[in-house]
Every structure is written in structure tokens, then in C-alpha cells.
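See structure below.
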Number of protein chains: 2
Amino acid sequence: MDTSYIDALGQRAVAAERILARAGSRLKDAALLESAKALRDNTDAILAANARDLDAARENGMSEAMQDRLRLDAARIEGVAAALEQIAALPDPVGRTLSGSKRPNGLDITRVSVPLGVIAIIYEARPNVTCDAAGLCLKSGNVCVLRGGKEAIRSNQALVNVLRGAIERAGLPADCVLFVDRTDRETATALMQAVKYIDVLIPRGGKGLINAVVQNAKVPTIRTGDGNCHVYVDAKADPEKAAEIVFNAKTSRVSVCNACETLIIHRDALALLPAIKARLDEKGVTLYADERAIGYLPGAEPATEADWETEYLDYKLAVKTVDSLDEAVDHIERYSTRHSESIVTEDYAAAQAFVERVNSAAVYVNASTRFTDGGEFGFGAEIGISTQKLHARGPVGLPELTSYKYIVRGDGQVR
Amino acid sequence: MDTSYIDALGQRAVAAERILARAGSRLKDAALLESAKALRDNTDAILAANARDLDAARENGMSEAMQDRLRLDAARIEGVAAALEQIAALPDPVGRTLSGSKRPNGLDITRVSVPLGVIAIIYEARPNVTCDAAGLCLKSGNVCVLRGGKEAIRSNQALVNVLRGAIERAGLPADCVLFVDRTDRETATALMQAVKYIDVLIPRGGKGLINAVVQNAKVPTIRTGDGNCHVYVDAKADPEKAAEIVFNAKTSRVSVCNACETLIIHRDALALLPAIKARLDEKGVTLYADERAIGYLPGAEPATEADWETEYLDYKLAVKTVDSLDEAVDHIERYSTRHSESIVTEDYAAAQAFVERVNSAAVYVNASTRFTDGGEFGFGAEIGISTQKLHARGPVGLPELTSYKYIVRGDGQVR
């Protein structure tokens, strides 16, 4: 495999990293504010690039929904600029003293947060991810190497050019934000394997991307965004809460990883199904139900094994009947991607058992799975939702974009 | 690749994990204490198995030093048993509330530590690692899948049998500790790639093993134990501290990852070299020095590029002369494995610059690199020293063997 393109980018990344890692909060925040301003000032140029992406997308027959994800307008650019200003206002995650102690031999040990180093981010259609990811990395002292989707390459390139100019004007190396302007698979694989230059890889995208990363990456990875989430309506569920939570978790935004994909219903709560269905009908949700549930859901289709495994990201919902909380937990254990699961119940013991036994990044009682989000959790911003257990789990905010080192001060101690 | 052997082990691991993850501290500590007792009670059988390993080692011409690492005796088994008792006495790292907040919408969010799940550990000669690793995993609620070196297979199998029996008598599944009794490379590779069953892989061993893991692993990894460590003797170093720290960091135990491999000396401190050499001569350390240093070190050999890169793990030390702290930092940046580096100086600004700019797991001022160790850092125990930035850096103790989940309690909130 020819790695020369990625090697060259990697060398620039490492050179910029050494400067960025030592930049104080003021310099980083100035670069973020300058970037926000530059995005506003260059709205026309960015929209022109985006229009060329949209032209190509239409020619290639891209769906309307996908075109909408790709589309930028003045309001979206304003939103992205405002997000950078919000990131600037957050506390600096670097240089925090995380813990420390004086050892019996007099050694003074402190654990201090430091940037991860160089973060590669591979993502798909939405160009606003370019600015969000660059902003979060900059704030946390990390150089980012961005590799977006082919469909958005003109938009992404325009955005990156604006950001790089702004960062340089603020007094930091433009190479704090690097862009991979090749969208072939070989270059992506070289990036995933560039252990010499890249400290962490964050893939943001669908199942295909995640699988490619699991199969090919040699760089340590924070896996994000695969969400086969469940709402379990328990025997003792409050009927109204059940209908509202299922409705919200399924329909408030179907294309996101924290949307509900399977409703698990206790056999003693089957009678709640018609009311739940009535709410879901408002949005035209198609139901795929097992044998016991289907009788309560006129018009539903029979569920197959594939339905339990599928992250629909659509107005579709699987419905599974269980005899017990145990069986609900088993179903989740088997099919969940360990992103977010919720129990709807008024029963204390059931709630406690569910939160203790379900091993997902976020486990809810009487609330929608849609809350698994950095903003909703109070993090201010996030780069994705991790579904792995190593390093970070759930929303990945600024503190999760840091590592730490131990600083040990002595006066001649030997062991 | 035939993965059936590892798949079968993996399924047993996952089944045991579900029980172990919910076991309370009392049950886990009882299993640790029972294991310690069982090791003492079965000393003869373990030593008999170890003798067979040693016979085979001698037949295969293993070096005396390696045989010593492989050798068990009653005192070493007592040490391993006592270590398990110490692990039992440490605080349970699982179930801690790490942080939490009440959100404006009334959602009650707590972040709680949970086990990582199933941890695979691939290690080399020393059989005591078997018990240490099993004990740390058990305490942290993780099922371990142990794959030791071929040379120690009889000893490891005997130790694992004793541990499994004890764990079962204490009321936990014997499968909390699983042993890979095949030492071929294909099985090791299958283990590194068993993403369906293994949550985390921890390799403990030399460069060859680490490289094999970087190249082949698909399971998220905590990379440990590669240590090309530096001591930098600054222009303003105290002569006595310099000699003592270099002597200790190089010679107190040469085979470990926190031993010093290169001495970097400021040109204004070159006159300290004869006194440093006098101490190193006591242990017969061979020096590989650059052109400027070699005149101060009669008998030293000329250093080559390879010396800067080599982790000798032996009575050998490279000596590099620099004109400035900047150049020392550059040398470390280029050649270090980012494990541990130390500056010897009485100059405040130099000390501050060094700890800020050197990006290694542990950065010392006026102390030996040999202190990078879970016990010395006050962790009670460790499973290795991480040289990666993701998840854990430096000594990996019990808290680093956990992940976390968010528990979110509501009363009907939707988004």
C-alpha cells in the first residue's frame, strides 16, 4: 500500500502538534473565535462550494434526505460559527490536575491532563461535522486530520481552508487542521493504519464505516455512533409515560444513533400497545411485531430475526414481547450495540434491576433514549457517542479528548 | 483462520462475565483469599509442573537469566499468594459513582464505574503474571482469558487449575479465569481479533509481541511495557544526584521497562561523566557514547543510530551529548517510547520546561525512572505500564481496569 500521501500529512500533523500542545487557552480560544468570524465572513464562498457538491449529488441521484444532510445555508453556517464560539467559552480540558499525592519517600506525584495528540476523524455526509470536529480538537490541543465523505468534498475543503486561514491569523499553525483531499478507500485505510503519526482514530458514520474501521484500523480507536437502542415497557409501566417515551425515542429524529429501534414489551403490558401505536401512527411508523404482539397492532408486519438486529434509522420499529424483565435484559444483551436503553416502569425493584444489569453506555428509567447527547448531559459539546468500553463511553466531550501524564518531582530519590 | 477454539473460550468468557460483573466485593474478595490459600496448599503440585517446564527449558538451551524468570519456588508462590491477599484488601474499583448531576429538566445523571468485561492478556515467560493478572481482573469484575508463553505452559496450567478450583469453591464461576492452552501463533492471532467476545487486550511482553499486537489486533488494546527511557543530566545538575540517579535508573534492575537506556548529557555537564562512569563500572555497564562524550569515558564504544533506538534491557547504556534542553527534548521526542524520562537539574526553569514539554507517561525531576510502577505510585497493584494515550497511561491499576456507564433516572422526560 502506498502510504506516502498519509505519511506526508502525518509529518505535518506531528510538527503542528508539538506547537499546539503547548498553546495556552487564550491562543486556542482566539483561534476558535477567529474561525467563527471567518466562517461568517466567507459564507458566500462556502455556499458556492456546497452548491457544487449538491449539483453533483443530484446528478448522481442522491436521495432528498441525504441531500438535506449535505446542504448548507446561511443559517447552518451561522449555527456552526456559534458552536465554535460556545466551544471557546468552555473550560480548557488541558492542564487540569486530575489527582496527586505525596509519597512516603517524598516524591510529589501529580496527574495532569494533556492532549491525545493527533486525532484522525473519518466521517460521512454532513459538512458541519468538519467545523465541530476541528473546533473540539483545537480546544483540546489536538491536531485533527479530517477525512470526510466524497459527496461533501468541495464543501469540506472550503470550510477547512477558512478554518486554516483563521487559525494561522490567530498565531497557531494552519496545520492544526489537516484535510485528506482524497476519498479513495486505500487512502482511508492508510490513515487508519498510520500508527506512527495518528494517536487516535474516531470514525463517525454508519455500520459500513464502523466495520471497515474494526477490520482495518491499527490506530487506537474510539468507536462511535452505532445505536440499536431499546425501550422496555415493563409490566408496571405508566401507560402515558410509555406512549410518550416510545413516541419520542422513535420519532423525534429517526436518523440518529440514540433513536429507539426495538420496543420490548412485557406480556402484562400488551394492552398498552394500541395506545402506543396510536401515537406512532401520527408519524406513519411501520411496526414489525412478534407473534404475541401482532394481535394488538393491526397492520403491523411480522418480525423476523433481522428486525432485532437492525438499526433502521427510519420510521420503523420492531416490537418484541417478553415474559419477564430477565428476558428483556437477555434480549438487550444479545442484540443491543450497548448505546442506550430505557425501562418504563413504576416498580422500584424493576428499575433498580434494569439499571444494574443492562450494560450499555446510558441506561434510563422513565426517560427517552434520545437524551444520550453531550449537550443534554451538560458537556457543552461532543464529538460523538462512544459504544466501546475503553477510554470513553457515551457522549465524548472535551475531557474525553485528553489523556494525562504523571509529573513526579523529587530531590534525588532512587529506588 | 480457524477461530472455533477461541470462539468456544469466548462464549464461556461472556457467560461468566455476566455473573462476575454483578458479584459484590465480598464474593470477589472471598475468591481472592481462597485462591491465595489454594496456591499455598498446592505448592508441591505447582512446583512439580514448574520443574517440568524447567527441564524442557534446559533441553532447549534457555539462558540462565530466562530460566530464572521461569523458575518458581516456595518463596515465590508465597509472594504470589500474598499479592492476591493484598489485592483483596484494596477498594473495589467497581460501582463507584464517578460524577453526577441533576439536569435542568429534572433528569438525574450518575456516572458509575463498571468492569471492562472480558480482558485477554498475552504474556511471556514469568508464570507469576498468571496469578497477578487473574487477581487484578477478578477484583475489577473482569473475566480474563490468559495466554502465556509456551515455555511456562505447564506452570501456568497448574496455577490456573488451582485458581479456578478456588474461585468455584468461593461461589463464582470457574470460567472467571480462562486459559488458552495452545501457544501457536494462529490461536494468538484469533484471540487478538475476537471482537465478539473480548473487550480489551493487554499484551505484556517485548517488542516482538507489541508489534504483533499492533499489526494484528482488532480488539481494543492497552499497549504496555515498551520502555526506551532517558535520563537527562542538565547543565545545572547536582553531580551526586546525577551519578546516583543514572546508576539507579540503569542498574537496579536492567530487565524492566522503566530502566534507563540512554543518558543524555548537556555539554556543560560533560565533566560529570567520569564520576557517573565510576558508579556504572561497579556493575560492569558497557557504554555506547557519541563523539563528544567518548573522550570522558575511556573504554566506551562509539554509539550508532541503533543505540538511540534500542531498549537494551541489559547492562548497557547509550550516552548522547546535547547543546541545550531543547535538543534533549527533541532527542526524547524522536526516540522515546514515551514511558519515563527524568531530568537532573537544580535549575527551576529547566525543570519546569522539561516536565511541560516532555510528553511521556511519567516525567521526573531529580528522581530515578525506576519509580514508574503501580506500587511506587501508591496504586497497590498494577497489570502493566501503558505507553499509549488512550484509556490509561503509565501504571495500570484497578481503576484503569474499569469502564463506566451513565445511569439516568427520570419521571417521563422526553426530548
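When reading the values below, keep in mind they use all heavy atoms of this one structure, side chains included, and skip hydrogens, waters and symmetry mates.
Heavy atoms of B:Val358 lying under 4.5 Å from chain A belong exclusively to its backbone. With a threshold of 4.5 angstrom between heavy atoms, A:Ala362 approaches chain B through its backbone and through its side chain. At a 4.5 Å heavy-atom cutoff, the contact between A:Glu17 and chain B is made by side-chain atoms alone. Contacts of A:Ser360 with chain B are made by backbone atoms alone, with heavy-atom separations under 4.5 Å and no side-chain atom involved. Only the backbone of B:Pro115 comes within less than 4.5 Å of a heavy atom in chain A; its side chain stays farther off. Residue A:Glu376 touches chain B through both its backbone and its side chain, counting heavy-atom pairs closer than 4.5 Å. Only the side chain of B:Lys241 comes within contact range of chain A, with at least one heavy atom under 4.5 Å from a heavy atom of that chain. Looking at B:Val214, the atoms closer than 4.5 Å to chain A (heavy atoms on both sides) sit in the backbone and in the side chain alike. With a 4.5 Å cut-off on non-hydrogen atoms, B:Arg409 touches chain A through its backbone and its side chain both. With a threshold of 4.5 angstrom between heavy atoms, B:Thr221 approaches chain A through N, CA, C or O but not through any side-chain atom. Looking at A:Arg415, both its backbone and its side chain come within 4.5 Å of chain B, counting heavy atoms on both sides. Residue contact with chain B, scored on non-hydrogen atoms closer than 4.5 Å, is absent for A:Phe247. With a 4.5 angstrom heavy-atom cutoff, B:Leu390 touches chain A via backbone and side-chain atoms both. In this structure, the portion of A:Val114 lying under 4.5 Å from any heavy atom of chain B is its side chain and not its backbone. With a threshold of 4.5 angstrom between heavy atoms, A:Lys389 approaches chain B through its backbone and through its side chain. Heavy atoms closer than 4.5 Å to chain A are found in both the backbone and the side chain of B:Val414. Heavy atoms closer than 4.5 Å to chain B are found in the side chain of A:Arg18, but not in its backbone. Using a 4.5 Å cut-off between heavy atoms, A:Asn105 contacts chain B through its side chain alone, with no backbone atom that close. Neither the backbone nor the side chain of A:Asp108 comes within contact range of chain B; no heavy atom of the residue lies under 4.5 Å from a heavy atom of that chain. The part of A:Ala217 that comes within reach of chain B is its backbone (N, CA, C, O), which places non-hydrogen atoms under 4.5 angstrom from that chain. With a 4.5 angstrom heavy-atom cutoff, B:Asp330 touches chain A via backbone and side-chain atoms both. Contact annotation for A:Ile109: only side-chain heavy atoms (C-beta onward) come within less than 4.5 Å of a heavy atom of chain B. The part of B:Leu107 that comes within reach of chain A is its side chain, from C-beta onward, which places non-hydrogen atoms under 4.5 angstrom from that chain.
Under the 30°/60° scheme for interplanar angles, the aromatic rings of A:His331 and A:Tyr335 are found to be tilted. Between B:Phe379 and B:Phe377, the ring planes are perpendicular. Angles over 60° get that label, and only those under 30° would be called parallel.
Scanning both residues, B:Thr372 and B:Ser340, for their nearest heavy atoms gives OG1-OG, 2.6 Å. Taking all atoms of both residues into account, the shortest heavy-atom contact from A:His339 to A:Cys257 is NE2-SG, 3.1 Å. Here the closest non-hydrogen pair linking B:Asp347 and B:Ala350 is OD2-N, 2.9 Å. Minimum interatomic distance between A:Ile383 and A:Cys137 (heavy atoms only, all atoms of both residues): CD1-SG, 4.3 Å.
Counting heavy atoms from C-beta outward, A:Ile222 and A:Val200 have side chains that approach closer than 4.5 Å. When side chains are defined from C-beta on, B:Leu116 counts as touching B:His391, because their heavy atoms get closer than 4.5 Å.
Counting heavy-atom pairs closer than 4.5 Å to chain A, the top residue among B:Ala249, B:Ala351, B:Gly378 is B:Gly378. Heavy-atom pairs under 4.5 Å with chain A peak, among B:Arg357, B:Glu240, B:Arg253, B:Glu356, at B:Arg357. Across B:Gln193, B:Glu400, B:Glu333, the residue that shares the most heavy-atom pairs under 4.5 angstrom with chain A is B:Glu333. By number of non-hydrogen pairs under 4.5 angstrom with chain B, the leading residue of A:Val365, A:Asp411, A:Val408, A:Asn359 is A:Val408. Across A:Thr369, A:Asp373, A:Thr402, A:Val14, the residue that shares the most heavy-atom pairs under 4.5 angstrom with chain B is A:Asp373. Of the listed residues (B:Gly95, B:Ala361, B:Ser368), the one with the most heavy-atom contacts under 4.5 Å to chain A is B:Ala361. For the set A:Ile343, A:Val363, A:Asp238, the count of heavy-atom pairs under 4.5 angstrom toward chain B peaks at A:Val363.
Taking OG of B:Ser336 as the start and CD of B:Glu341 as the end, the distance is 3.5 Å to the nearest 0.5 Å. How far CZ of A:Arg223 is from OG1 of A:Thr387: 5.0 Å, rounded to the nearest 0.5 Å.
Side-chain atoms of B:Arg370 and B:Ser252 include a donor-acceptor pair closer than 3.5 Å. Between A:Ser386 and A:Arg393, the side chains place no donor N or O within less than 3.5 Å of an acceptor N or O (distance only, hydrogens not considered). A donor and an acceptor atom, one from each side chain of A:Gln11 and A:Tyr197, are located under 3.5 Å apart. Side-chain contact, A:Asn142 with A:Ser140: a donor N or O sits under 3.5 Å from an acceptor N or O. Checking A:Asp226 against A:Thr337 by side-chain atom types alone, no donor-acceptor pair falls below 3.5 Å.
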Inset, instruction - Would you check, one step at a time, whether the test side-chain contact (heavy atoms from CB on, under 4.5 Å) holds for A:Leu401 with A:Ile202? - result: CA-CA 10 Å; A:Leu401 292 179; A:Ile202 303 180; 4.0 Å; yes
Inset, instruction - Report the C-alpha separation of A:Asn248 and A:Ile245 in whole Å, then their side-chain angles, then the decisive distance to 0.1 Å, and conclude whether the side-chain contact (heavy atoms from CB on, under 4.5 Å) test is met. - result: CA-CA 5 Å; A:Asn248 181 267; A:Ile245 288 169; 5.9 Å; no
